Novice: 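Got a structure here, written out as structure tokens. Questions coming.
All values reported here derive from a predicted model rather than from experimental measurement.
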Amino acid sequence: MLSFSHSPILSYLLWCLVLLTFASSNGVVATAKPKAGSGYKLVSLVQLPNGGGLVGYLQVKQRTSTYGPDIPRLRLFVKHETRERVRAQITDADKQRWEVPYNLLPREPAPPVTGGRVTGAPFTAAEYPGEELVFTYGRDPFWFAVHRRSTRQPLFNTSAGALVFKDQYLEVSTALPKDAALYGLGENTQPGGIRLRPNDPYTIYTTDISAINLNTDLYGSHPVYMDLRSLSGRGVAHAVLLLNSNGMDVFYRGTSLTYKVIGGLLDFYFFAGPTPLAVVDQYTSMIGRPAPMPYWAFGFHQCRWGYKNLSVVEGVVEGYRNAQIPLDVIWNDDDHMDAAKDFTLDPVNYPRPKLLAFLDKIHAQGMKYIVLIDPGIAVNSSYGVYQRGMARDIFIKLDGQPYLAQVWPGPVYFPDFLNPNGVSWWIDEVRRFHDLVPVDGLWIDMNEASNFCTGKCTIPKKHQCPIPDSKTPWVCCLDCKNLTNTRWDEPPYKINASGQTALLGFNTIATSATHYNGILEYNAHSLYGFSQAIATHKALQGLQGKRPFILTRSTFVGSGAYAAHWTGDNKGTWENLRYSISTMLNFGIFGMPMVGADICGFYPSPTEELCNRWIELGAFYPFSRDHANFASPRQELYVWESVAKSARNALGMRYKLLPYLYTLNYQAHLTGAPVARPVFFSFPDFTPCYGLSTQFLLGAGVMVSPVLEEGATSVSALFPPGTWYNLFDTAKVVVSKGGAPVRLDAPLNEINVHVYQGTVLPMQRGGVISKDARATPFTLVVAFPLGAAQADAEGAVYVDDDERPEMALAEGQATYVQFHASVRGRAVTVRSEALMGSYSLREGLVIERLTVLGLEGTGKDLDIQVDGADATAAVATSSPYFAAGGSAKLQGEEGEGVEDGQRSVSVEVGGLALPLGKSFSVTWNLQIES
């Protein structure tokens, strides 16, 4: 195993070995294909004043014609933008090239391309150091590298491959140590799990292709990867972003990674970490912090494409209530629309007066209603949305005319969200629709953009389109011809689009079409869903000043600052159940922590057993929604009694954990920390978990271990060292030394969810709707190592009025409470520090119980202090009491399901009414009966 030590000399020698291996034997370089380029040499380099960075100029060494002529002169710009982030940008020295618009993704600008020399002091040093990272380079041929300043550990090194820069083909490679664990480069469905596998294809280009397609470019474009390495027993992480919206193939060969990009520029950002959490913090500080979600968004959601009328929707809500299954949000796919036209209501099946009465009813209960909107606007001269769009000239064009495509309503035009008029038109249409129907959020789908046709199309004169009563409305009925006469529709290098080197314009907007100011679809294609999410966020936020909720299918770098995501059209199969975990975890790394898959599968019909297991897992997705295709049998959770039982169990626990999930939402908004995380985020030194894709963490210390195999009644689960308590039955304890996996019982209606030692977990009583659940008293679950005589634990809870657009601490509007617990011999202390407590006090939020895990016996000598004053009697609803938990049932290396009659597992302090909004201290002494 290759591992880089902290010795600079050994690190250098080992890195040379990697580069030699890469250059001599790697398939990326050793190829019979014509040489794409011969590289560049650095001809000048200056340092800008006032910390402005380095600017250099590169000259091509030898011109080649493969994939087009080389750009003869390039500009290099390097800057340490923060302590932990360095940027390296390479572009044409003489002409401005396409890059991600700064108004979509705000960031520090690079110097403008002027074609002339830049004034600065000549830079001759071999290294350009920042506080954490160091940029190094070679002059002839030009190469660059980035390493850690503290250890000289190489992170990125391009010296083994030639830099290629043509108008429509950019290539650069980095060497990698063989044992580096890589994650990211999405969106795709990865059958091998979250850890990238060498030689799997990684094509990045937003595409409407079902998520059942493996290793294929899907709905989102995220050209970023995290690299985790174990160095001297310590896990060290960094990340690399290539900020580029053009299509690309990324070839990962185990000891190298090669980018082949069909346009734009090379704009690399390196994030130092060194922990996975620090990497995501640094990444989201640059691309935008995840959007705050309303509290109800963490409740359960139900949708189906095929709720043909309002009575069906009303029946679904009633079905959940009768079955006592939690439900917060009811959704409509396009069934509510008049002939699938955006911003309309079907006057027969969804008459407005009856729909408004229904919404009044569910809103009074605290439920919410969300509907779908596709970007394609029906070409219909009697349709007001279309009329207003044409009047404002806001549609994407081809050859000077609005580009004609086909989606569900038939012929459509696509709004241009890069056009300021397009954005203001969209905001106005959302406002008009909200006046018609007071929806609580919007679901923007088909925004890759999806098109049932390909090429340049016209409305047919010999048949209708859409075809009346068609059973296959997704089949193109326009008259179309392929576009092959431009270099944008047929670029010289073909990325592996749709997994089959398809045309770039296949089932999407023609890449020679133009946006505002002549921007080519070729360049902006993967930004479409991102730009629509930004416009939709502006629209919803401006309506009533409430916190928006948007669900989007297509995403780009930075989309998480505006929207949630679901993983698209999956299948009701055991394989898709498993794949959903990796995709969910990837989006946490991408800065989109509010993510989930269609529970029970979008199509075809799942088995009853599969739906049981899927709701058990899906109850712990950050975004938890059941969604099915119109062609599938009904699969609401109450359809099968066994599934209803599993739902009540799993969602019952989710609703108890809502304060914890909402606090993770707050932390994500502050630092980017994912809600659902790979296990290595909390345990980066534990190398067996680097590829673990069948379990995940919620936050730092709640482990979810689902059943993913048909017929299984137990699950093999891997636990990092320490004590883990089953949240459904805290007497079930896993004590792990980090060895072999533990076999856990998992009957059909049960899932294993464990809390880790050192955690203070805020929980509430739960309920069937979040509005009611969030008003119930709290329990603090304090987890110490089993039998600990000296240990600490900590946690926190954030509560607020989730209608506010901002998610920030403000007196009277939010409260943040930190919890600390300790055991020292027989003395136990649980205390809190409340910040901005008036909101919680006004809402009457109280803590009724402390459940302390890992301690033996009961308690005595209870003392309660609130805001520094004795309050033992004042904060109790009745007399406070102690209760001992049951005997521990150990699992793992201390035994397999063996009752330990000599050891109780918990101490409960009940009968309390501690005000959440005040700082308190609760102390007692353990009392162990002989």
Side-chain angles (χ1 to χ4, degrees), residues 701 722-727 729-735 755-763 777-797 817-834 846-890 894 899-930:
T723 306
W724 299 81
Y725 300 91
N726 188 312
L727 277 176
D729 180 357
T730 55
K732 295 180 178 179
V733 186
V734 172
V735 180
V755 62
Y756 186 55
Q757 67 182 45
T759 303
V760 178
L761 187 65
M763 299 177 68
F778 283 79
T779 292
L780 299 184
V781 177
V782 179
F784 290 128
L786 187 63
Q790 180 168 325
D792 297 280
E794 60 183 23
V797 71
V817 186
Q818 294 176 300
F819 302 111
H820 308 272
S822 64
V823 57
R824 299 290 185 268
R826 295 193 175 187
V828 183
T829 300
V830 179
R831 61 184 178 85
S832 76
E833 298 172 28
V846 298
I847 298 168
E848 66 176 347
R849 182 182 297 111
L850 308 177
T851 300
V852 183
L853 308 178
L855 303 183
E856 187 176 356
T858 60
K860 62 178 182 179
D861 306 327
L862 180 69
D863 180 71
I864 301 174
Q865 303 283 321
V866 174
D867 283 348
D870 181 73
T872 305
V875 299
T877 55
S878 58
S879 296
Y881 64 85
F882 288 101
S887 298
K889 185 176 182 180
L890 302 181
E894 287 196 17
E899 294 283 352
D900 185 348
Q902 302 301 311
R903 184 181 297 181
S904 63
V905 74
S906 65
V907 177
E908 179 181 295
V909 185
L912 303 175
L914 294 167
L916 186 69
K918 292 187 176 183
S919 299
F920 66 80
S921 174
V922 181
T923 61
W924 70 91
N925 291 313
L926 289 173
Q927 179 173 298
I928 302 174
E929 303 293 338
S930 58

Novice: So do the side chains of Arg824 and Asp792 get within less than 4.5 Å of each other, counting heavy atoms only?
Specialist: yes
Novice: How close do Ala796 and Pro762 get, counting heavy atoms only, and between which atoms?
Specialist: O-CG, 3.4 Å
Novice: About how many Å separate CG of Leu912 and CZ of Phe920, when rounded to the nearest 0.5 Å?
Specialist: 8.5 Å
Novice: Is any side-chain heavy atom of Val830 closer than 4.5 Å to a side-chain heavy atom of Trp924?
Specialist: yes
Novice: Roughly how far, to the nearest 0.5 Å, is the CG atom of Leu926 from the CG atom of Asp861?
Specialist: 10.5 Å
Novice: Between Val760 and Ala821, what is the shortest heavy-atom contact and its length?
Specialist: CG2-CB, 4.2 Å
Novice: Quick check on side chain to side chain contact (heavy atoms under 4.5 Å, CB included): which of Val823, Leu855, Thr851 does Val907 satisfy it with?
Specialist: Leu855
Novice: For Gly857 and Ala884, work out which heavy atoms get closest and say how close.
Specialist: O-CB, 3.5 Å
Novice: Closest approach of Leu862 and Pro880, non-hydrogen atoms and distance?
Specialist: CD2-CB, 3.6 Å
Novice: With rounding to the nearest 0.5 angstrom, report the OG to CG distance, Ser906 to Leu850.
Specialist: 12.0 Å
Novice: Taking side chain to side chain contact (heavy atoms under 4.5 Å, CB included) as the test, write out the residues that go with Ala883, two or more places apart.
Specialist: Tyr881, Glu908
Novice: For Asp863, give me all partners under side chain to side chain donor-acceptor pair (under 3.5 Å), at least two apart in sequence or on another chain.
Specialist: Gln865
Novice: Over all heavy atoms of both residues, which pair between Phe882 and Gly859 is shortest? Give the atoms and the distance, please.
Specialist: CD1-O, 3.2 Å
Novice: Can you tell me how far apart CD (Glu833) and CD (Gln818) are? Round to the nearest 0.5 Å.
Specialist: 5.5 Å
Novice: Enter the distance from Lys732:NZ to Leu727:CG here, rounded to the nearest 0.5 Å.
Specialist: 12.5 Å
Novice: Does any part of the side chain of Val828, heavy atoms only, come nearer than 4.5 Å to the side chain of Val782, both counted from C-beta?
Specialist: no
Novice: Just jot down the side chain to side chain donor-acceptor pair (under 3.5 Å) partners of Thr779, sequence neighbours excluded, or say none.
Specialist: Arg849
Novice: Find out whether Phe819 and Val797 are in side-chain contact, i.e. whether some heavy atom of one side chain is under 4.5 Å from a heavy atom of the other.
Specialist: yes
Novice: The criterion is salt bridge (Lys or Arg N to Asp or Glu O under 4.0 Å); which residues satisfy it with Asp729, sequence neighbours excluded?
Specialist: none
Novice: Could you check whether any side-chain heavy atom of Val817 comes within less than 4.5 Å of a side-chain heavy atom of Leu916, counting everything from C-beta outward?
Specialist: yes
Novice: Considering residues at least two apart in sequence or located in another chain, which fulfil the side chain to side chain donor-acceptor pair (under 3.5 Å) criterion with Asp867?
Specialist: none
Novice: Tell me, please, which residues at least two apart from Tyr725 pass side chain to side chain contact (heavy atoms under 4.5 Å, CB included).
Specialist: Thr723, Val733, Val755, Ala783, Leu786, Leu853, Val905
